[in-house]
Q: 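Just passing along the structure, written as structure tokens.
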Amino acid sequence: MIKDNIPVSMAESLKYLGKEEKHTELKAFIKKFIKISPEDADKLRKKIEGFNLMKVKSEQISKIIDILPEKAEDLSKIFNDLNLDEDETQKILGAIKEYI
């Protein structure tokens with residue numbers, strides 16, 4: 001049963017799969033694509049949310065964690081419909097650098 005509809009990154013999704021054997025194959029598949037541990041993903045999400053950037057939505061934070069862009073051009077590709085200013089971009093990129 002779905003209780004909440006909250007977007008999460010691939011790394012964060014691992015904590016919801018549990019330790020059951022039926023999820024082993026799915027976990028292995030996800031681990032091929034993630035670049036950050038689930039714990040670090042949680043910390044990065046909280047750090048970005050702590051910036052209180054009104055333009056940045058939860059879905060976009062999940063994509064940031066999945067992709068971990070290192071350049072402003074790569075970060076801007078996540079935000080199709082808006083542009084972040086230089087300060088907002090540097091805050092997010094600075095937070096990412098702490099975890100890669």
Q: Throw together a table of side-chain donor-acceptor distances under 3.5 angstrom for residues 8-15, partners on residues two or more places apart or in other chains.
A:
from, atom 1, to, atom 2, distance (Å)
S9, OG, E12, N, 3.2
S9, OG, E12, OE1, 3.1
E12, OE1, S9, N, 2.9
E12, OE1, R45, NE, 3.2
E12, OE1, R45, NH2, 2.8
E12, OE2, R45, NE, 2.7
S13, OG, M10, O, 2.5
K15, NZ, D42, OD1, 3.0
K15, NZ, D42, OD2, 3.0

Q: Quick one, L44 and L68 - any side-chain contact, counting heavy atoms below 4.5 Å?
A: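 The answer is yes, as the side chains (C-beta and beyond) meet within the 4.5 Å cut-off.
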Q: How long is the gap from CD on E86 to CD on E88, to the nearest 0.5 Å?
A: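 So the gap between those two atoms works out to 10.5 Å.
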Q: Considering only heavy atoms from C-beta outward, does the side chain of F79 approach that of I64 to under 4.5 Å?
A: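 Side-chain contact under 4.5 Å: yes.
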Q: Quick one: hydrophobic cluster around M54, which other residues, with the 4.5 Å side-chain cut-off, linked directly or via members?
A: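 Its cluster partners, ordered by chain and number, are none at all.
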Q: Just jot down the ring pair (Phe, Tyr, Trp, His ring centres under 6.0 Å) partners of Y16, sequence neighbours excluded, or say none.
A: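 Applying ring pair (Phe, Tyr, Trp, His ring centres under 6.0 Å) to Y16 gives none.
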Q: Donor-acceptor check, side chain of D4 to backbone of I6, threshold 3.5 angstrom: yes or no?
A: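 Not confirmed, D4 side chain does not pair with I6 backbone.
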Q: For residues 91-100, please give each side-chain donor-acceptor pair under 3.5 Å, one per line with the distance, not counting sequence neighbours.
A:
from, atom 1, to, atom 2, distance (Å)
E98, OE1, K47, NZ, 3.2
E98, OE2, K47, NZ, 3.2

Q: Please tabulate, for side-chain N and O atoms in residues 28-35, each donor-acceptor pair with protein atoms closer than 3.5 Å (sequence neighbours left out).
A:
from, atom 1, to, atom 2, distance (Å)
K35, NZ, I67, O, 3.1

Q: Count the heavy atoms belonging to other residues, nucleotides or ligands that lie under 6.0 Å from CG of N83, then report whether that count exceeds 12.
A: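 Count not over threshold, so no.
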Q: Is there a side-chain contact between L53 and L84, using heavy atoms and a 4.5 Å cut-off?
A: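 Not touching, per the 4.5 Å side-chain cut-off.
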Q: Identify the heavy atoms of A72 and T89 that sit nearest to each other, and give their distance.
A: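 So the minimum-distance heavy-atom pair works out to CB-CG2, 3.7 Å.
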Q: Please list all pairs passing the side-chain hydrogen bond (donor to acceptor under 3.5 Å, both in side chains) test where one or both residues lie in residues 72-82, with sequence neighbours left out.
A: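 As it turns out, there is no side-chain hydrogen bond (donor to acceptor under 3.5 Å, both in side chains) pair with a partner in residues 72-82 once direct neighbours are skipped.
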Q: How about E49: does its CD atom have over 12 heavy atoms from other parts shown lying under 6.0 Å from it?
A: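 Yes.
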Q: Within the distance-only criterion (no hydrogens, no angle test), does the side chain of Q60 pair as donor or acceptor with the backbone N or O of K57 below 3.5 angstrom?
A: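 Yes, the answer is positive, given that a donor and an acceptor are paired below the 3.5 Å cut-off.
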